[in-house]
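Contents: one structure, followed by commentary.
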2 protein chains.
Amino acid sequence: MTKETDESIMVPAAVIKRLPKYHRYLEELLNEGREKISSQQLGEIVGVSAPQLRQDLNYFGNFGQQGYGYNVKKLYNSLAEVMGIQQKSNMVLVGVGNIGQALVNSRDFEKRGFYLSAIFDTNPKLIGLEINGLVVKDVVELKDYIAENDINIGVITVPASSAQEVANQMIKAGIKGIWNFSPVDLKTPPNIQVENEHLTEGLLRLSFKVKEE
Amino acid sequence: MTKETDESIMVPAAVIKRLPKYHRYLEELLNEGREKISSQQLGEIVGVSAPQLRQDLNYFGNFGQQGYGYNVKKLYNSLAEVMGIQQKSNMVLVGVGNIGQALVNSRDFEKRGFYLSAIFDTNPKLIGLEINGLVVKDVVELKDYIAENDINIGVITVPASSAQEVANQMIKAGIKGIWNFSPVDLKTPPNIQVENEHLTEGLLRLSFKVKEE
DNA sequence: CCTCTTTTGTGATTTTTTTAACAATAACCG
DNA sequence: CGGTTATTGTTAAAAAAATCACAAAAGAGG
Ligand SMILES: NC(=O)c1ccc[n+]([C@@H]2O[C@H](COP(=O)([O-])OP(=O)(O)OC[C@H]3O[C@@H](n4cnc5c(N)ncnc54)[C@H](O)[C@@H]3O)[C@@H](O)[C@H]2O)c1
Ligand SMILES: NC(=O)c1ccc[n+]([C@@H]2O[C@H](COP(=O)([O-])OP(=O)(O)OC[C@H]3O[C@@H](n4cnc5c(N)ncnc54)[C@H](O)[C@@H]3O)[C@@H](O)[C@H]2O)c1
C-alpha cells in the first residue's frame with residue numbers, strides 16, 4: 001500500500017512556519033557548493049531535531065534516499081516548489097510611507113520570484129512620484145489594476161485606521177493573499193490568506209523576555 | 001495551600017506570543033472607554049477561546065474577579081507590567097538603510113516606552129546626517145555608547161553579512177536584547193534575548209498558503 | 001556479489017498545548 | 001441580607017506536536 005500523496009491532509013501550522021527557514025539554509029549550503037546532507041546535519045544547522053526535520057519534509061514527499069541523505073539542490077528545488085516560488089507572482093503595495101518605501105527601495109523579495117508590479121497611495125504629494133522605477137498610482141485605480149493584471153498578493157503598509165478598507169478593496173478585486181504590516185487583524189473570508197508582520201508585537205515579546213531574564 | 005507565584009515556572013512560548021495581542025486589544029477597549037470585560041468577550045475579540053485566555057493570564061497573576069470579569073484598565077496595566085513596558089527602555093539602531101530609516105522616521109514604538117537613543121552606520125555619507133532628530137554616528141562608537149548610556153535593546157538593520165558582527169559588538173558592550181531584521185539566526189549566549197523579524201519568511205509562508213488553497 | 005554501514009521513512013511514545021468542565025467566589029437584585 | 005446569576009481560577013481530558021526507536025532501503029567497500 002503506497003503512501004497517499006493526498007493534499008487534503010492538513011499540514012500543521014508549526015510545520016509551515018519552519019519551511020522558509022529550511023529553504024534559507026539550503027540556499028546557503030547550495031551557494032557553498034554542498035552536494036548532499038543528512039537530516040542530522042541539516043537539523044543541527046537549522047536548529048531542529050533530525051526526526052522533526054524528516055517528519056516535516058515527509059508531509060510533502062519523500063525527498064531523501066536511505067543510506068545517502070538528501071541532495072541539497074533537489075531538496076532546495078522541492079521546497080521552492082512546495083512553497084510556490086517556482087513560478088513568479090505579482091504583487092501590489094498600498095501605502096508608500098516609511099515602511100512602504102523601504103520595501104519598494106530594496107525589493108529584496110524579487111530574487112525569490114515576488115515582483116512588485118505597482119504601488120499606490122492616497123497622498124497627492126506622492127502620487128506620480130517615481131520610487132525605484134515604480135510610479136506611485138492613485139489608490140482609486142487599485143481595484144481595476146488588480147483585476148486586470150494577474151496580481152495575487154497585496155502588501156498593506158497603510159496606517160492601522162485604513163488597513164481594513166484597503167484589504168476589502170483588494171479582496172473585491174480578486175487578490176489571493178495579503179502581506180499585512182499594519183497592527184490590525186484583518187477580517188477576511190476563509191479563502192483569502194493573510195500573513196501579518198506585526199513588528200511592534202515582536203518588540204513587546206523581546207521586552208518580556210529581557211525583563212524575565 | 002496558596003498558589004506559588006514562583007517565577008521559575010516556565011511560561012510557554014505560545015503564551016508569550018499572545019501577550020502583545022491581548023495588550024493591543026485592551027488598549028483599543030480602553031480608548032473606547034470600556035470599563036470591564038469577561039474572558040468570553042475578550043476572547044472573541046482577540047480570537048482565542050475563553051479558557052485559553054484565562055489560563056494564559058493566570059501564568060502571571062489573578063487579574064480577574066469572579067462574577068464580574070476583568071477591569072480593562074487594571075488588566076491593561078498588569079500586562080504592561082508583565083511585559084516590562086512600564087519603565088521606559090533605551091535602544092540603539094545599527095544600519096541606517098531602507099528599513100533602518102523607516103524605523104527611525106516613524107518611531108512608532110516610543111509611545112510604548114521604547115526610546116531610540118542613538119543610530120549608527122559605517123557609511124561615511126550617512127554619518128553626521130540628521131534623521132528625525134537623531135544624528136547618525138559612526139559604528140566604531142557603538143560599544144562605548146551602549147556601555148555608557150544604559151541601553152538594553154539593540155536593533156539590527158544591517159545586511160545579513162554584517163549582522164553577526166554587529167550583534168557581537170552589542171553583546172560585548174552589555175546589551176540585553178536584540179531586535180533583529182536581518183535574515184540570519186544570530187549566535188548569542190543564553191542570557192541574551194533575540195527577537196527576529198524575518199520578513200522574507202513571512203512572505204514565503206504567505207506564498208505557501210496561497211498556493212495550497 | 002555479499003556484508004556492513006548509513007540514513008531514511010514511519011509507527012509508537014512522550015511532551016506540550018489547547019479545550020472542557022466545574023467548584024469557588026463575588027456581584028447583583030429584590 | 002439571602003438567593004440567584006455570572007464569571008473566574010484551576011483541575012482534568014483531549015488534541016497536537018515533538019521525540020524516540022527501529023525496520024527497510026540504499027550505498028560503500030571488499
Ligand atoms: N514605520 C515603522 O517603523 C512601523 C513599525 C511598526 C508598524 N508599522 C505600521 O506600518 C504601517 C505603515 O507605517 P509607516 O510608518 O510607513 O506609515 P506612514 O504614515 O509613513 O505611511 C503610510 C502611507 O499610507 C498612505 N495611506 C493612508 N491611507 C491610505 C489609503 N486609504 N490608501 C492608500 N494609501 C494610504 C499615506 O499617505 C502614507 O503615505 C502602519 O500601520 C504602522 O503602524 C510601522
Ligand atoms: N528593506 C527590505 O525590504 C527588507 C526586507 C526583508 C529583509 N530585509 C533585511 O533587512 C536588512 C537591512 O535591509 P535594508 O534594505 O535596510 O538594507 P540597506 O542596504 O538599505 O541598509 C543597510 C545599512 O547598513 C549599513 N551597514 C552595513 N554594514 C554595517 C556595519 N557593519 N555596521 C553598521 N552599519 C552597517 C549600510 O551602510 C546601510 O546603510 C538586510 O539584512 C535585509 O536583508 C530588508
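Keep in mind it's a predicted model, so treat the numbers as computed, not measured. Naming convention: chains lettered A, B, ... in sequence-line order (proteins, then strands); numbering from 1 in each chain.
- Whole-Å rounding puts the B:Lys74 NZ to D:dT8 C1' distance at 12 Å.
- Residue pairs meeting the ring pair (Phe, Tyr, Trp, His ring centres under 6.0 Å) criterion with at least one member in residues 190-213 of chain B, sequence neighbours excluded: A:Phe60-B:Phe208.
- By the 4.0 Å N-to-carboxylate-O rule, B:Lys176 lies too far from A:Glu213 to be salt-bridged with it.
- Regarding A:Leu53, its CG atom lies at a distance of 8 Å from the P atom of C:dT8, rounded to whole Å.
- Rounded to an integer number of Å, the gap from OH of B:Tyr59 to C1' of C:dT18 is 10 Å.
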Polar-atom pairs under 3.5 Å, protein N or O versus N or O of nucleotides 11-16 of chain C: list them with distances, or write none.
none

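- Two residues, A:Gln65 and A:Ala14, neighbour DNA chain D, and the one matched to the more 5' nucleotide by heavy-atom proximity is A:Ala14.
- Rounded to an integer number of Å, the gap from B:Phe60 CZ to D:dG9 C1' is 15 Å.
- By the 4.0 Å N-to-carboxylate-O rule, A:Arg24 lies too far from A:Glu27 to be salt-bridged with it.
- A salt bridge is defined here as a Lys NZ or Arg NE, NH1 or NH2 lying under 4.0 Å from an Asp or Glu carboxylate O, and B:Glu81 with A:Lys211 fails to meet this definition.
- Between A:Tyr22 and A:Arg18 there is a side-chain heavy-atom pair separated by less than 4.5 Å.
- Remark: C1' of C:dT8 and CG of A:Asn58 are 8 Å apart, rounded to the nearest angstrom.
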Extract all donor-acceptor atom pairs below 3.5 Å that involve side chains of residues 86-99 of chain A and protein atoms in other chains or at least two apart in sequence.
from	atom 1	to	atom 2	distance (Å)
A:Asn90	ND2	A:Asp150	O	3.4

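- Although no hydrogens or angles enter the test, the distance criterion places no donor-acceptor pair under 3.5 Å between the side chain of B:Arg54 and the main chain of B:Asp56.
- Between B:Leu57 and A:Val48, it is B:Leu57 whose nearest contact on DNA chain D lies nearer the 5' terminus.
- Rounded to an integer number of Å, the gap from CG of A:Asp56 to C1' of D:dA18 is 10 Å.
- The main-chain N or O of A:Ile151 is never found under 3.5 Å from a side-chain atom of A:Asn149 such that the two would form a donor-acceptor pair.
- For the OP1/OP2 pair of D:dG9 and a distance below 4.0 Å, the side-chain nitrogens and oxygens of B:Tyr68 include no atom meeting the criterion.
- Only A:Ser38, A:Ser39, listed by number, bring a heavy atom of residues 32-42 of chain A to less than 4.0 angstrom from any atom of DNA chain C.
- Aromatic rings of B:Tyr145 and B:Phe120 (six-membered ring for Trp) have centroids within the 6.0 Å cut-off, being under it.
- The distance from atom CG of A:Asn71 to atom C1' of C:dT8 is 15 Å, rounded to the nearest whole Å.
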Hey, what are the protein-to-nucleotides 21-23 of chain D N/O distances that come in under 3.5 Å?
from	atom 1	to	atom 2	distance (Å)
D:dA21	N6	A:Arg54	NH2	3.2

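- Looking at B:Ser182, its side chain does come within 3.5 Å of a backbone N or O of B:Val158 through a donor-acceptor pair.
- With sequence neighbours excluded, the residues that form a side chain to side chain contact (heavy atoms under 4.5 Å, CB included) with A:Glu165 are A:Gln169.
- For D:dA18, the OP1/OP2 oxygens have a side-chain nitrogen or oxygen of A:Gln52 closer than 4.0 Å.
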